[in-house]
Visitor: 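What follows is a single structure, and I will ask about it in a moment.
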Amino acid sequence: MLVRNARLADGRVRDVRVEGERITAVGTDLDATGEVIEARERLLLPGAVDVHVHFREPGDPHKETWRTGSRSAAAGGVTTVVDQPNTDPPTTTGAAYDQKELCARDAHVEYGINGGVTAEWDPETLFDRPLFALGEVFLADSTGDMGIDGDLFEDAVHRAVDADVPVTVHAEDATLFDTAARDAAGDGVGTDADADAWSAYRTAEAEIAAVERAVEIGVSAGARLHVAHTSTPEAVDVVADAPETVTCEVTPHHCLLSRTDLDDLGTLGRMNPPLRSEPRRAALYDRVVDGRVDLIATDHAPHTRAEKETTLLSAPSGVPGVETMVPLLLAETRDGPLTVERVRDLTAAAPAATFGLERKGRIEAGMDADLALYDLDRPRSVTGDWLHSKCGWTPFEGFEGVFPEWTLVRGDRVYDGAMDTFGAAAGENVRSGPS
Ligand SMILES: NC(=O)N[C@@H](CC(=O)O)C(=O)O
Ligand SMILES: [Zn+2]
Ligand SMILES: [Zn+2]
C-alpha cells in the first residue's frame with residue numbers, strides 16, 4: 001500500500017509505503033505498487049500511544065468493554081492503549097492478569113496491561129507476566145479503592161526495579177485533603193451539585209507533596225518512575241527538576257478544563273486529581289506547550305451518565321477521553337498555542353520512547369504501520385452521542401475536534417471515518433511475542 005502525498009507533522013509532503021505490518025519507505029515519488037491512498041497533503045500522524053486508559057473489563061462491562069474502548073481509541077487516532085489495574089478483580093495477581101488478557105482479545109488496537117498493588121497483591125505471579133508497567137499505583141483512593149501506604153509503595157518500587165519494570169503512580173496524599181470542604185458539599189444532583197467542592201477537597205498541595213515523596217522514593221530506588229495525570233504546574237516542575245528516569249503525563253482535561261467549568265459540568269466533572277483553578281490550568285498547559293511535560297495521556301475513565309448524575313459524594317470519579325485526545329489537540333493547533341509537531345511528540349513519539357516501544361510512535365521505515373490521516377481544515381463539533389465509548393458522554397461537548405479520516409494498526413484499516421466502520425479486532429500485546 002502507498003499513502004501518497006501525505007503532509008507529515010513537520011510540514012514535509014511525503015509518500016509512505018506500507019508492506020504488510022510495517023512502514024518500509026518514506027520518500028518522494030515512490031513507485032505505486034498495490035493499493036494507493038491519495039492523501040492530498042492532508043496530515044498523516046503516527047498512531048497515538050495512550051499509556052493511561054481504564055477499559056473496565058473484567059468487572060464493569062456496562063461502563064466500557066475492550067471492544068467499545070478500543071473502537072473509541074481507533075476512532076480517535078489512538079493505536080496503542082495501556083489499561084490500568086483497578087478493574088474487578090484488580091490486576092494484582094498473575095491469574096487476574098491472565099483474565100484481563102482474555103478480555104483484551106477484543107482489542108481493535110495494540111495494548112499493554114499494567115499490574116496493580118494492594119495489600120493482597122501477589123508480586124511473584126504478577127511479575128511473571130509481561131507487565132507494561134507496575135501501576136497506576138494508587139497512593140490515595142480513587143475508583144476501585146486501591147489506595148496503599150508509603151511502606152507498601154516503597155516495597156513495590158523495589159520489586160519493580162528488580163523485575164526491570166517501570167512504575168506509574170497516582171500521587172495524591174490523602175492526609176492533605178480538606179475533608180471539611182468535602183463534607184460541606186450539599187446534596188444537589190448533577191449540575192445542581194456543588195461540584196467545585198471536589199476540587200477544594202482534593203487539594204493541589206496533596207498532589208504536590210505526594211509527587212515530591214514518590215519522586216524521592218523512585219529516585220533512591222533507581223526506578224523508572226512515571227507520574228500519572230499531574231494536574232498542577234508545581235508537580236510538573238518537581239518532575240522536570242528530577243533525573244531523566246522520572247517522567248510525567250498530563251491529561252487533555254486538565255489542560256482544557258478548570259474549576260470554572262464545573263458549574264456546567266456538575267458531577268460529570270468529578271475526577272481524580274480534580275480540575276484546578278484557571279491560573280493553575282493555564283500554567284499547566286504552558287508546560288505542555290513548551291515541552292516541560294513529557295507526554296499526554298487521557299486517563300480515559302468512563303462511567304455511565306446515570307452513575308455520574310447523582311450527588312457529588314456518590315458520583316464515581318473519572319471522565320472519558322481516549323477518542324477526543326488527538327482531535328482536541330489538533331484543533332488547538334488551528335487557533336491555539338500547540339504546534340502539530342508538539343502534538344505528534346506528546347501523543348506518540350514520547351510515550352513510545354518513554355516506555356520502550358521501539359516500533360511505535362514514529363513514521364519511519366521499519367516502524368509498525370500505525371497511522372492516522374487528518375484533514376486539519378475540517379474540524380467537527382465534539383458530541384457524546386457520536387463518540388464510540390460505551391459511556392455515551394464527554395466533558396468536551398461542543399468543543400472543536402479534528403477526527404481521523406482513517407486509522408491503520410500494523411497496516412490494517414481498523415477505522416474508516418467516512419463509513420464509521422471498524423476492521424478486525426486484531427490488537428496485540430505490545431509486551432509479549434517476538435520483539
Ligand atoms: N481518574 C479518575 O477519576 N478515575 C479513574 C481512576 C484514576 O485514574 O484515579 C477511574 O478508574 O475511574
Ligand atoms: Zn489515577
Ligand atoms: Zn487512571
Side-chain angles (χ1 to χ4, degrees), residues 50-66 69 73 81-92 100 112-118 132-148 153 167-174 177 182 195 198-199 201-202 206-207 210-211 214 225-232 235 248-255 257 262 265 267-276 295-305 307-308 310 312-322 325 351 389-391 393-395:
D50 183 354
V51 299
H52 193 148
V53 305
H54 298 267
F55 279 176
R56 308 302 191 200
E57 274 185 308
D60 291 287
H62 68 286
K63 295 178 195 272
E64 193 77 287
T65 62
W66 277 81
V81 294
V82 178
D83 192 60
Q84 304 300 317
N86 57 334
T87 41
D88 185 10
T91 319
T92 53
K100 182 165 285 185
I113 296 175
N114 277 0
V117 183
T118 61
F132 184 88
L134 188 70
E136 55 182 295
V137 183
F138 291 91
L139 299 184
D141 275 346
S142 188
T143 306
D145 295 339
M146 290 173 70
I148 61 166
F153 178 60
V167 178
T168 76
V169 62
H170 176 129
E172 289 183 284
D173 178 346
F177 288 169
R182 178 195 61 194
W198 200 253
S199 297
Y201 161 52
R202 297 184 81 119
E207 173 177 279
V211 170
L225 183 75
H226 179 73
V227 184
H229 46 46
T230 41
S231 64
T232 58
C248 72
E249 75 196 21
V250 164
T251 69
H253 51 269
H254 289 117
C255 292
L257 302 170
L262 286 167
L265 286 169
T267 49
L268 290 181
R270 182 183 136 169
M271 84 280 287
N272 303 326
L275 295 180
R276 303 299 185 187
L295 59 101
I296 292 190
T298 65
D299 193 13
H300 176 78
H303 301 281
T304 67
R305 189 181 269 279
E307 287 167 335
K308 292 287 279 187
T310 172
L312 182 67
L313 298 191
S314 30
S317 298
V319 296
V322 71
M325 168 175 68
S389 166
K390 201 176 228 185
C391 75
W393 61 276
T394 168

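Both counts, for ligands and for their atoms, begin at 1 and track the order of listing. Note that the numbering runs from 1 along the sequence shown for the chain.
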Visitor: For atom 3 (O) of ligand 1, state which one of N272, T87, T298 supplies the nearest heavy atom.
Guide: N272
Visitor: Indicate yes or no for a side-chain donor-acceptor contact from R270 to the backbone of A315 under 3.5 Å, with no hydrogens or angles considered.
Guide: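 Side chain of R270 to backbone of A315, a donor-acceptor pair under 3.5 Å: yes, one is there.
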Visitor: If the cut-off is 4.0 Å to any non-hydrogen atom of M271, which atoms of ligand 1 fall inside it?
Guide: 3 (O)
Visitor: Run R202 and E207 through salt bridge (charged side-chain N to carboxylate O under 4.0 Å, His left out) and show every step you take.
Guide: CA-CA 8 Å; R202 297 184 81 119; E207 173 177 279; over 6 Å; no
Visitor: How far is atom 9 (O) of ligand 1 from its nearest protein heavy atom, and which residue and atom is that?
Guide: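 Ranked first by proximity to atom 9 (O) of ligand 1 is S142 OG, 2.6 Å.
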Visitor: So does H52 have any N/O/S atom less than 2.8 Å away from the Zn ion (ligand 3)?
Guide: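 So H52 counts as coordinating the Zn ion (ligand 3), yes.
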Visitor: Specify side chain, backbone, both or neither for R270, according to which of its non-hydrogen atoms lie closer than 4.0 Å to ligand 1.
Guide: neither
Visitor: When you measure from atom 1 (N) of ligand 1 to every protein heavy atom, which one gives the shortest distance, and what is it?
Guide: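 For atom 1 (N) of ligand 1, the nearest protein heavy atom is D299 OD2, 2.7 Å.
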Visitor: Between G318 and ligand 1, does any nitrogen or oxygen pair lie at a separation below 3.5 Å?
Guide: yes
Visitor: Run S317 and N272 through side-chain hydrogen bond (donor to acceptor under 3.5 Å, both in side chains) and show every step you take.
Guide: CA-CA 6 Å; S317 298; N272 303 326; 3.1 Å; yes
Visitor: Please confirm if an N, O or S atom belonging to H54, backbone or side chain, lies less than 2.8 Å from the Zn ion (ligand 3).
Guide: yes
Visitor: In E136, what N, O or S atom is nearest to the Zn ion (ligand 3), if we give its atom name?
Guide: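 Of all N, O or S atoms in E136, the Zn ion (ligand 3) lies closest to OE2.
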Visitor: Please state which part of H253 comes within less than 4.0 Å of ligand 1, counting heavy atoms only: side chain, backbone, both or neither.
Guide: neither
Visitor: I need the atoms of ligand 1 closer than 4.0 Å to a non-hydrogen atom of F138, numbered in the order shown.
Guide: 7 (C), 9 (O)
Visitor: How about E249 and H226: does a side-chain donor come under 3.5 Å of a side-chain acceptor?
Guide: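 Judged by distance alone, the side chains do pair up.
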Visitor: Pairing donors with acceptors under 3.5 angstrom, does anything connect the side chains of D50 and T298?
Guide: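 Result is yes, a qualifying pair exists.
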Visitor: Any idea how H52 and H229 line up, ring-wise: parallel (<30°), tilted (30 to 60°), or perpendicular (>60°)?
Guide: tilted
Visitor: Does at least one non-hydrogen atom of R56 fall below 4.0 angstrom from an atom of ligand 1?
Guide: yes
Visitor: Counting only heavy atoms, which portion of H54 has something under 4.0 Å from ligand 1: side chain, backbone, both, or neither?
Guide: side chain
Visitor: With carbon and hydrogen excluded and only N/O/S kept, which atom of H229 is nearest the Zn ion (ligand 2)?
Guide: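 Going through the N, O and S atoms of H229 one by one, NE2 ends up nearest to the Zn ion (ligand 2).
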Visitor: Is it the side chain (CB and beyond), the backbone, both or neither of S317 that lies under 4.0 Å from ligand 1, heavy atoms counted?
Guide: both
Visitor: Regarding T87 and K100, do their side chains bring together a donor and an acceptor under 3.5 Å, going by distance alone?
Guide: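 Yes, K100 and T87 have a side-chain donor paired with an acceptor closer than 3.5 Å.
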Visitor: Among all protein heavy atoms in this structure, tell me which lies nearest to atom 8 (O) of ligand 1, with the distance rounded to 0.1 Å.
Guide: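 Result: E136 OE2, 2.9 Å.
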Visitor: Report yes or no: do D299 and T251 form a side-chain donor-acceptor pair below 3.5 Å?
Guide: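 The answer is no; no qualifying pair exists.
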Visitor: May I ask you to list the atoms of ligand 1 that are less than 4.0 angstrom from any heavy atom of H303?
Guide: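 Those qualifying, in numeric order: 12 (O).
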Visitor: Are Q84 and H170 close enough that a side-chain donor and a side-chain acceptor fall under 3.5 Å?
Guide: no
Visitor: Does Q84 reach ligand 1, in the sense of a heavy atom lying below 4.0 Å from it?
Guide: no
Visitor: Quick one about D83 and W66 (side-chain donor to acceptor, distance below 3.5 Å, no hydrogens or angles considered), yes or no?
Guide: no
Visitor: Heavy-atom distances under 4.0 Å decide this one: backbone, side chain, both or neither, for N86 against ligand 1?
Guide: side chain
Visitor: In Å and rounded to the nearest 0.5 Å, what is the CZ to SG distance from R305 to C391?
Guide: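 Those atoms lie 9.0 Å apart.
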Visitor: Using only atom types and a distance under 3.5 Å, with no angle test, would you say the side chain of K390 pairs donor to acceptor with the backbone of G69?
Guide: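 A pair under 3.5 Å: no.
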Visitor: Take R56 and H303, measure what side-chain hydrogen bond (donor to acceptor under 3.5 Å, both in side chains) needs, and give me the verdict at the end.
Guide: CA-CA 9 Å; R56 308 302 191 200; H303 301 281; 3.2 Å; yes
Visitor: E136 side chain to T168 main-chain N or O, any donor-acceptor pair under 3.5 Å?
Guide: no
Visitor: What atom name does the N, O or S atom of H170 nearest to the Zn ion (ligand 2) carry?
Guide: ND1
Visitor: Quick check on contacts: which atoms of ligand 1 are under 4.0 angstrom from a heavy atom of A301?
Guide: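 Checking each atom against A301, I get 4 (N), 5 (C), 10 (C), 12 (O).
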Visitor: Just which atoms of ligand 1 are under 4.0 Å from any heavy atom in H52?
Guide: 8 (O)
Visitor: Looking only at N, O or S atoms, which one in D299 sits nearest to the Zn ion (ligand 3)?
Guide: OD1
